[in-house]
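Each remark here refers to the structure printed beneath this line.
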Amino acid sequence: MPATSPSLTRRLRGRAMGLAVAATALALAAPVVATATAGQADAAADPTSVLKFTSAERKDALAYWTPARMKAVGRSVDLGPTGPKAKPWQGPRLKTVGRLFFVNASGADTWCTATAVKSANRSAVMTAAHCVRRGSSPMNTNIEMVFAPGYKDGKAPYGTYAVRQAVTPRAWETDSTDDMATLVVDPDKATGKKLTDAVGARAVAFNRPVGGTVSALGYSATRPQRGESLLRCVGTAKKEHGTQAIPCDLSGGASGGPWFADFNATTGRGTLISVNSALDSLQPTKMYGEVFGNLAKKVYDRAQNA
């Protein structure tokens, strides 16, 4: 889950570490909870949970995340040197992958990583559920959420997109399991373009057998990058603890970053099969990601049709 200091917080079945980071120097005096749709009469039968942001809240989010604030949040967090497994991404600019900025439930500025995906509404982004809300704590939701695709070195060259709605598994809200989410974003304010019309979109695979080579990417808060550029791990996915794992030492800020199968390093294209969810320790050697099955598909469908 997002932490309120550079140290990471233990979570997820007692065996892994959350990946989102927060800058306490930029913490707000008090968090504000956005409007949620939880608690409807049919909630028990609905495996998804939807968090909605009003028009005013989305306008505030765009005004809040100035280029200076985006740059500052990375400078204020230092999770130590980048590990040997995480290499700087040297290929073409990945327009579909970006930083997801928000204010967490403790009122601190922070970020995750997210990916624009193919969708019926051309506005869907996939990330981790703990980038949306704390697990097992329905009212502790994040606010001021914006997605900056292709972000690098203080610049958001393809615009900034306010998050209109976020869909997570209800199991994350109640039991801290199934750590994935799909967001719906507004069109870019400056151009009026929908997200995937502007940057393209990656395909998503569900019910795919675990295995094969995976490329995991993220805006880690380790130095020297400090969230300003993408890092990449490459490894073979294996089943572990009901999820899947690859050798990787990406750290805080990489939460929600894509796991690509069939990744072409020349074109930067691949199929999204999971997202960065958790680490095995404070000095990580493994990255965990959920296995996208029927529940993940329901979350994705709820968002892509919104």
Side-chain angles (χ1 to χ4, degrees), residues 1-2 4 20-23 26-40 43 46 48-70 72-73 98-116 119 121-135 137-149 151 156 158-170 172-173 180-196 198 255-256 299 302-306:
M1 67 174 63
T4 56
V21 297
L26 296 177
L28 302 179
V32 178
V33 179
T35 305
T37 62
Q40 295 177 354
D46 187 350
T48 68
S49 180
V50 182
L51 174 68
K52 293 183 178 180
F53 297 93
T54 67
S55 176
E57 287 169 335
R58 290 166 357 233
K59 182 178 180 180
D60 287 346
L62 291 173
Y64 184 81
W65 284 106
T66 62
R69 187 177 290 274
M70 290 179 180
V73 68
R99 280 176 90 178
L100 177 68
F101 295 95
F102 54 93
V103 175
N104 70 11
S106 297
D109 287 6
T110 184
W111 78 90
C112 281
T113 305
T115 307
S119 57
N121 57 18
R122 311 196 307 281
S123 302
V125 178
M126 295 193 78
T127 189
H130 75 264
C131 298
V132 173
R133 66 194 328 147
R134 289 179 183 169
S137 185
M139 295 306 295
N140 281 308
T141 58
N142 301 331
I143 61 171
E144 312 285 16
M145 300 185 75
V146 302
F147 178 56
Y151 181 96
Y158 307 106
T160 305
Y161 299 77
V163 175
R164 173 164 56 90
Q165 131 176 352
V167 186
T168 66
R170 192 168 297 280
W172 175 258
E173 180 184 330
M180 59 79 59
T182 307
L183 317 180
V184 184
V185 298
D186 283 342
D188 179 62
K189 183 178 179 181
T191 66
K193 286 187 176 181
K194 289 192 172 184
L195 174 64
T196 64
S255 285
V299 170
R302 181 77 180 266
Q304 75 157 338
N305 292 313

Item to check | Considering all heavy atoms, the nearest Ala156-Ala148 contact | outcome: CB-CB, 4.0 Å
Checklist entry - Does some side-chain heavy atom of His130 sit less than 4.5 Å from a side-chain heavy atom of Trp172? => result yes
Checklist entry - Heavy atoms, side chains only, cut-off 4.5 Å: are Val146 and Tyr64 in contact? => result no
Item to check | Atom of Ala198, atom of Tyr161 and distance for their closest heavy-atom approach | outcome: CB-OH, 3.4 Å
Checklist entry - Roughly how far, to the nearest 0.5 Å, is CH2 of Trp65 from CH2 of Trp111? => result 9.0 Å
Next on the checklist: I'd like to know if the side chain of Tyr158 pairs up with that of Asp188 as donor and acceptor (distance under 3.5 Å, no hydrogens or angles considered).
Outcome noted: no
Checklist entry - Is there a side-chain contact between Ser137 and Glu173, using heavy atoms and a 4.5 Å cut-off? => result no
Next on the checklist: As an exercise, state the distance from OG1 of Thr196 to CD of Gln304, rounded to the nearest 0.5 Å.
Outcome noted: 11.0 Å
Checklist entry - Under 4.5 Å between any side-chain heavy atoms of Thr127 and Thr113, yes or no? => result no
Checklist entry - Under a 4.5 Å cut-off applied to non-hydrogen side-chain atoms, are Arg302 and Val50 in contact? => result yes
Checklist outcome for this item: Result for side chain to side chain contact (heavy atoms under 4.5 Å, CB included) between Leu100 and one of Val125, Leu183, Val132 points to Leu183
Checklist entry - With no hydrogens and no angle check, is any side-chain donor or acceptor of Asn142 less than 3.5 Å from a backbone partner on Ala105? => result yes
Checklist entry - So, do Leu195 and Arg122 sit near enough that their side-chain heavy atoms are less than 4.5 Å apart? => result no
Item to check | Charged tip of Arg164 within 45° of Phe53 ring normal and under 6.0 Å | outcome: no
Next on the checklist: Holding to ring-ring contact (aromatic ring centres under 6.0 Å, His included), I want the full list of residues that pass it with Tyr151, two or more places apart in sequence or in another chain.
Outcome noted: Phe101
Checklist entry - Rounded to the nearest 0.5 Å, what separation is found between the CZ atom of Arg133 and the CD1 atom of Ile143? => result 13.5 Å
Item to check | Gap separating the CG atom of Asp186 from the OG atom of Ser123, nearest 0.5 angstrom | outcome: 8.0 Å
Checklist outcome for this item: When every non-hydrogen atom of Thr168 is compared with those of Ala181, the smallest separation belongs to CG2-CB, 3.8 Å
Checklist entry - Could you walk me through whether Asp60 and Glu57 pass the side chain to side chain contact (heavy atoms under 4.5 Å, CB included) check? => result CA-CA 5 Å; Asp60 287 346; Glu57 287 169 335; 5.6 Å; no
Checklist entry - Taking atom types as modelled and ignoring hydrogens, do the side chains of Ser106 and Arg134 form a donor-acceptor contact shorter than 3.5 angstrom? => result yes
Checklist outcome for this item: Nearest heavy-atom approach of Gly256 to Cys131 is N-SG, 4.4 Å
Next on the checklist: For Val184 versus Ala306, what's the shortest heavy-atom pair and its separation?
Outcome noted: CG2-CB, 4.1 Å
Next on the checklist: Please report the interatomic distance CZ(Arg58) to NZ(Lys189), rounded to the nearest 0.5 Å.
Outcome noted: 12.0 Å
Item to check | Reported CD-to-CG distance for the pair Glu144 and Leu62, which is rounded to 0.5 angstrom | outcome: 9.5 Å
Checklist entry - How close do Pro187 and Gly192 get, heavy atom to heavy atom, and via which atoms? => result CB-O, 3.6 Å
Next on the checklist: Tell me every residue that passes side chain to side chain donor-acceptor pair (under 3.5 Å) with Thr160, counting only those two or more places apart in sequence or in another chain.
Outcome noted: none
